[in-house]
Number of protein chains: 2
Amino acid sequence: MTDADADAAGPATVRSVARAAGVSVATVSRVMAGTGVVSPARTERVLAAARDLGYRPDPIARSLATGTSRRVAVVVPNLSNPYFYDIIRGIGRASAADGYTMTVADSMEDAAAERALATDMLQQADALVLVAPRSDRTALEVLQRSRRPVLMLLGPRSESELPDLSVDNLGGMTALYRHLADIGHRRVVYLSGPPGAWQNLRRLEAARRAEGFGVQVTVLEAGGTIAAGHDAADAALEHGPTAIACFNDLVAFGVLHRLTERGLGVPTDISLTGFDDIDFSAYSSPALTTVRTPRERLGSEGWRTLRRMIDGESVDPAPPELAAELVVRDSTGPVPSDAVQASA
Amino acid sequence: MTDADADAAGPATVRSVARAAGVSVATVSRVMAGTGVVSPARTERVLAAARDLGYRPDPIARSLATGTSRRVAVVVPNLSNPYFYDIIRGIGRASAADGYTMTVADSMEDAAAERALATDMLQQADALVLVAPRSDRTALEVLQRSRRPVLMLLGPRSESELPDLSVDNLGGMTALYRHLADIGHRRVVYLSGPPGAWQNLRRLEAARRAEGFGVQVTVLEAGGTIAAGHDAADAALEHGPTAIACFNDLVAFGVLHRLTERGLGVPTDISLTGFDDIDFSAYSSPALTTVRTPRERLGSEGWRTLRRMIDGESVDPAPPELAAELVVRDSTGPVPSDAVQASA
DNA sequence: CTGTTAGCGCGTTCAG
DNA sequence: CTGAACGCGCTAACAG
């Protein structure tokens with residue numbers, strides 16, 4: 001009768017609950033896990049004892065015993081971009097609804113770190129989501145041989161056998177160029193994304209298409225952050241473009257900042273476009289013309305397919321790309337009549 | 001001699017490595033964990049075998065054996081606010097440097113969910129960070145009784161015994177009101193934050209101080225998101241303020257949007273302030289006058305004190321608040337001469 | 001339906 | 001220094 005276990009020596013265990021309820025540990029396990037069948041009477045006794053002792057099954061021990069953790073690991077290249085956060089949120093909420101816990105790690109745009117994190121975390125989770133991987137094909141192939149499900153979001157698609165959910169980068173970027181062409185632009189600079197970003201490849205392809213309808217695209221290296229955009233703006237200007245297209249909205253903000261510093265008006269002197277349509281793009285000055293892609297949905301949909309993989313069902317390794325939608329706002333406008341901004 | 005374990009039956013274990021190296025499992029454990037002393041020769045043999053077999057100690061099993069997971073859990077109220085993820089990034093990077101893994105969960109502004117998540121995650125981590133808790137005192141006290149270290153960031157401070165690192169909300173908000181007073185404002189509406197946000201309490205206190213220097217502050221409920229700001233703007237206007245002060249930058253963006261919709265100019269018709277100085281606040285139109293607080297540093301500093309708690313050292317439960325700095329940009333200006341915007 | 005028992009993979013005494 | 005043996009807390013056969 002000595003319920004000394006109550007709060008005396010550490011947390012309650014299956015054993016202490018079993019003793020208190022006068023049943024075996026197996027019965028306690030069965031009741032708590034909802035597995036197997038236990039008589040109503042005993043079920044009640046166990047539940048009562050568990051409640052009294054404040055018992056909660058230890059997930060670690062459970063993991064060791066079952067070999068599953070009900071945890072999903074997520075690796076993102078950059079925790080500073082709201083775009084990725086929306087995706088994470090999507091995964092987090094969808095997986096939480098299924099009783100899964102999410103672990104997030106930031107590879108800081110470093111392919112090597114990404115690879116290390118991926119293997120590390122995969123060891124402690126049932127599955128892994130690689131968001132916008134920066135790793136090359138071979139590194140990705142290693143992951144593919146893991147026993148555990150791995151899903152990529154915004155990855156290389158056909159470049160790998162890993163299931164990869166993505167958005168229509170090519171279509172979105174092409175729409176942007178066409179919009180630019182429609183309002184008279186012929187010379188545009190494209191500020192390309194961080195090294196290793198597979199997204200960038202598809203967006204780059206759009207440049208060739210653009211030439212098809214008369215838009216000359218000069219590609220310059222930039223990156224994926226506000227700072228990168230700010231730093232690349234001057235170089236972009238030297239090519240005398242009438243519009244600057246950016247890898248993403250963050251870069252566009254950086255460019256916008258630099259342009260303003262130099263006293264250039266957008267879109268009066270030069271037009272500017274982003275990509276992603278993060279929340280803030282509607283509030284910048286001017287509001288950004290960009291391409292909207294379903295962020296949170298990418299996460300939740302991703303979780304759903306990952307869930308199927310966990311459950312051993314087969315999934316399409318290259319599901320249809322999610323649609324990208326052109327959003328025209330105020331940062332793009334007709335070409336100014338005196339449009340010859342030669343190198344400063 | 002049958003090294004069938006190589007890649008045949010699942011991952012290598014201490015046992016398979018021990019066999020391959022011709023030593024006992026204890027020796028393998030000692031070498032891998034870097035604990036105890038093992039002869040150089042054997043150490044080498046073990047390392048070689050481990051490499052050959054691609055052995056990596058199972059963190060789950062290790063956790064069960066040691067009772068520690070080298071994992072830190074983080075609960076935030078809202079994964080949509082860049083402010084919070086800057087903090088998360090700070091925690092993530094600092095803890096990763098110490099070999100810890102971070103698990104993040106979003107309570108979605110729900111105090112009950114927050115409490116559940118906190119206890120859940122604390123069970124699978126060595127320590128917990130509660131960012132901007134929405135729970136009340138009593139719920140917080142429960143957590144305090146946990147055997148594991150719990151740290152609050154932006155919490156109630158003196159209201160609880162839990163260590164709580166915060167920023168100088170009172171000082172920051174007061175500086176904002178004083179700036180407004182300096183440029184002639186006398187009637188301002190304060191759009192207060194989400195229910196349960198302790199931060200809000202201190203910011204509210206500043207209103208009383210503001211009255212000390214002639215600024216009349218009307219408090220209205222809003223929330224912590226862009227949408228909340230957008231929805232509260234009309235009500236705010238009905239009080240005929242010459243300036244609207246917002247709980248945070250997100251709310252300010254929402255208000256800004258609504259103001260623009262109604263054709264009101266900022267700051268020509270009305271002034272607007274935020275709080276937090278998230279990255280985007282410098283890029284809005286107009287750029288936001290706000291208060292900057294050290295976000296990532298809050299996270300990294302928080303991790304450092306949590307780390308001390310994990311190591312059993314004692315920490316100051318109420319460390320000095322981190323400084324908040326007034327950032328005057330373009331959303332605040334002198335009161336227009338015809339400043340009598342009576343209820344629409 | 002229920003209890004007993006043998007692991008899950010590792011750390012850790014405790015003798016040698 | 002090294003190895004054998006036990007235990008972390010739980011689940012999963014396997015008998016009853």
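Just so it is clear, the model here is predicted, and its values are computed rather than measured. Below, read A as the first sequence line, B as the second, and so on, with proteins coming before strands; counting in each chain starts at 1.
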Phosphate-side-chain proximity, A:Ser29 and D:dT11, N/O vs OP1/OP2 below 4.0 Å: yes

For atom CD1 of A:Ile60 and atom C1' of C:dG9, their distance in whole Å: 13 Å

Pair B:Trp303, B:Asp98: side-chain N/O donor-acceptor within cut-off below 3.5 Å: yes

Euclidean distance, atom CD of residue A:Gln123 to atom C1' of C:dG9 [Å, nearest integer]: 11 Å

Length of the line joining A:Leu64:CG and D:dT11:P, which is rounded to integer Å: 11 Å

Of all pairs that satisfy ring pair (Phe, Tyr, Trp, His ring centres under 6.0 Å), the ones with a partner from residues 48-92 of chain A, not counting sequence neighbours: A:Tyr85-B:Tyr85

Sugar-phosphate only, base, or nothing, as touched by B:Arg42 at under 4.0 Å among non-hydrogen atoms: sugar-phosphate

Rounded interatomic separation in angstrom, taking CZ from B:Arg30 and P from D:dT2: 8 Å

Residues B:Asp136 and B:Thr138: side-chain donor-acceptor under 3.5 angstrom: yes

Of the listed nucleotides D:dG9, C:dC10, C:dC1, the one nearest the side chain of A:Val14: D:dG9

Given D:dA4, C:dT2, D:dT11, the nucleotide with the shortest approach to the side chain of A:Ser39: C:dT2

Sugar-phosphate, base or nothing in reach of A:Thr13, heavy atoms under 4.0 Å: sugar-phosphate

Touch class at under 4.0 angstrom, heavy-atom based, for B:Arg15 against every strand present: sugar-phosphate

Contact check, side chains of A:Leu153 and A:Ile91, non-hydrogen atoms, under 4.5 Å: yes

